[in-house]
Amino acid sequence: MTDVRGTAGLRSRGGPYSPGRGPAIRRRAAALVCVPLMALGAVGCAKDGDDAGSDAAVKYPTSTLELMAPAAPGGGWDSTARSLQKALTDSKLVTESVEVYNVPGAGGTLGLSQLVTKNKGDSHQLMVTGLVMIGGVVTNKSPVKLSQVTPIATLTAEQEVIVVPAASKYTTLQQLMDDAKSNPSSINWGGGSAGGTDQILVGLLAKAAGADPKAMKYIAYSGGGESKAALLSGDLTAAVSGASEYSDLVAAGKLRALAVSGPAGIDVGAGKPTPTIKESGYDVELMNWRGLVAPPGIKAGERAAIIKLIDDLHSSAQWKQTLTDQKWEDFYRSGDEAKAYFESENTRITTVLSEIGLAG
């Protein structure tokens, strides 16, 4: 088990915070309709998967609140954890200290294993998670599953973008997918780690286009810099990443954006909205979402109190500013609605990974 919370620089009370800007989408209502809420406490009602607990009001938090980023510093999970830390503190929703620590490795599954085993029953331990962890569980054949945690909320989401070099013959996604279907070996796809959001999107696209997902030639890179170099050198036909990853090269006229993966087109550097995959003729929508979970074994009242705290945070001016600064889309669901979303995504993504040969 790798726990780097003792490593200098990885645990902090006030981690880095990077400004930016972005849209917000309609908040979805929390599903805890049976829980009378008050201040920082809540009266819990039993839910499926919760341990039986007292129905008395639960004050929360009562000690240091620890947020785990199950990855190295600097990535999406780490920036989400540190943004939560800052917003919780600045909004004064908590009077106790909030600390962030990192447990990197194996697509987040080392951190997941620690949360499920070492932190079981501890309501003051929370972990950032997301779509990428579903792929990490599958590709790393993790004995610990995301279904074992206590879902709290989905928080943010980012669209994916499909790009080609500016000199490419492909000017539309349909042209690219026609060749991917008729001659899969002619297309070299690039993106992030195996089983991650980028490869999942390639698999979904292939399936929607009537191509064999397992026949897609996908090259996994450890970082965006490597895939950018491969695109510019001609080693890749097309690449997939988060919408902001290639915006500088699109704006510079070195890459062409063919489509984005969300419900509406957005500007990824071209000065106008790039069409969606659905607008390009393929029934595919994928958002790289991130969320928050608690360990298994917490009491119903504790779960309700955590959800109440995150609901209040989501409504705060500090979190709204965070979404704007970080260019994150608001993708909020909490309580039972978050639990249902986690379950549906786990089924969908595991199926896709099986179809492209990464599960089984």
- Item | Heavy-atom closest contact (Y101 atom, Q125 atom, distance) | OH-OE1, 2.7 Å

- Message: Restricting to non-hydrogen atoms, name the atom on V98 and the atom on V94 that form the minimum distance, rounded to 0.1 Å.
- Response: CG2-CG2, 3.7 Å

- Under 3.5 Å, is there a donor-acceptor pair between the side chain of N288 and the main chain of A157? no

- Go through the steps for Y332 and D311 under the test side-chain contact (heavy atoms from CB on, under 4.5 Å), then give the verdict. CA-CA 9 Å; Y332 196 70; D311 280 346; 2.7 Å; yes

- Item | Greater than 12 external heavy atoms within 6.0 Å of K278's NZ | yes

- Query: Does the D336 side chain pair with the main chain of K339, one donor and one acceptor, at a distance under 3.5 Å?
  - Reply: no

- Task: Please assess Y60 against E96 for the test side-chain hydrogen bond (donor to acceptor under 3.5 Å, both in side chains), listing each intermediate value before the final yes or no.
- Result: CA-CA 9 Å; Y60 183 88; E96 303 289 343; over 6 Å; no

- Taking the side chain from D198 and the backbone from G192, do they hold a donor-acceptor pair closer than 3.5 Å? yes

- Message: Can you confirm whether the side chains of S233 and D235 place a donor and an acceptor under 3.5 Å from each other?
- Response: yes

- Query: Just by modelled atom types, is the T347 backbone N or O under 3.5 Å from a matching donor or acceptor in the T351 side chain?
  - Reply: yes

- Query: Within the side chain of S261, is there an N or O that forms a donor-acceptor pair under 3.5 Å with the backbone of E160?
  - Reply: yes

- Message: With heavy-atom distances below 4.5 Å as the criterion, would you say the side chains of L176 and L205 are in contact?
- Response: no

- Message: Side chains of V116 and P296, heavy atoms from C-beta outward: is any pair under 4.5 Å?
- Response: yes

- Where do Q326 and S79 land on the side-chain hydrogen bond (donor to acceptor under 3.5 Å, both in side chains) test, with the steps shown first? CA-CA 9 Å; Q326 296 282 23; S79 63; 5.3 Å; no

- Query: Under the 3.5 angstrom rule, does the side chain of Q85 hit a backbone N or O of A81 as a donor-acceptor pair?
  - Reply: no

- Message: Restricting to non-hydrogen atoms, name the atom on P295 and the atom on D122 that form the minimum distance, rounded to 0.1 Å.
- Response: CG-O, 3.3 Å

- Does the side-chain contact (heavy atoms from CB on, under 4.5 Å) test come out yes or no for V164 and T237, once each step is laid out? CA-CA 6 Å; V164 295; T237 312; 5.6 Å; no

- Message: Keeping T154 on the side-chain end and F331 on the backbone end, is there a donor-acceptor pair under 3.5 Å?
- Response: yes

- Task: Determine yes or no for a side-chain-to-main-chain donor-acceptor pair under 3.5 angstrom, with T89 supplying the side chain and K86 the backbone.
- Result: no

- Query: Are a donor atom and an acceptor atom from the side chains of D179 and S186 found within less than 3.5 Å of each other?
  - Reply: no

- Message: Could you measure the distance from the CG atom of L313 to the OG1 atom of T322? Nearest 0.5 Å is fine.
- Response: 7.5 Å

- Message: Could you tell me if S227 and Y246 have a donor-acceptor pair between their side chains, going purely by distance under 3.5 Å?
- Response: yes

- Query: Taking the inter-plane angle between the rings of Y341 and W289 on a 0 to 90° scale, is it parallel (under 30°), tilted (30 to 60°) or perpendicular (over 60°)?
  - Reply: perpendicular

- Query: With side chains defined as the heavy atoms from C-beta onward, is the minimum distance between I219 and W189 less than 4.5 Å?
  - Reply: no

- Side-chain contact test, heavy atoms from C-beta onward, threshold under 4.5 Å: evaluate it for N119 versus Q114 and give yes or no. yes

- Item | Side chain S113, main chain T109, donor-acceptor under 3.5 Å | no

- Report yes if some heavy atom in the side chain of E245 is under 4.5 Å from a heavy atom in the side chain of V161; otherwise report no. no

- Under 3.5 Å, is there a donor-acceptor pair between the side chain of S142 and the main chain of V138? no

- Task: Determine whether more than 12 heavy atoms belonging to other residues, nucleotides or ligands lie under 6.0 Å from atom NZ of K207.
- Result: no

- Message: Checking T276 against E285 for the side-chain contact (heavy atoms from CB on, under 4.5 Å) test, could you report, in this order, the C-alpha distance in whole Å, the side-chain angles of both residues, the deciding distance, and whether it holds?
- Response: CA-CA 8 Å; T276 68; E285 185 176 308; over 6 Å; no

- Correct closest heavy-atom pair for P143 and Q148 would be O-OE1, 3.9 Å

- Closest heavy-atom pair and its distance - F342, T129: CE2-CG2, 3.9 Å

- Query: Which is it for I162 and Y170 under the side-chain contact (heavy atoms from CB on, under 4.5 Å) test, yes or no, and what are the steps along the way?
  - Reply: CA-CA 11 Å; I162 300 146; Y170 300 113; over 6 Å; no

- Query: At their closest point, which heavy atom of A338 faces which heavy atom of P151, and how far apart are they?
  - Reply: C-CB, 4.4 Å

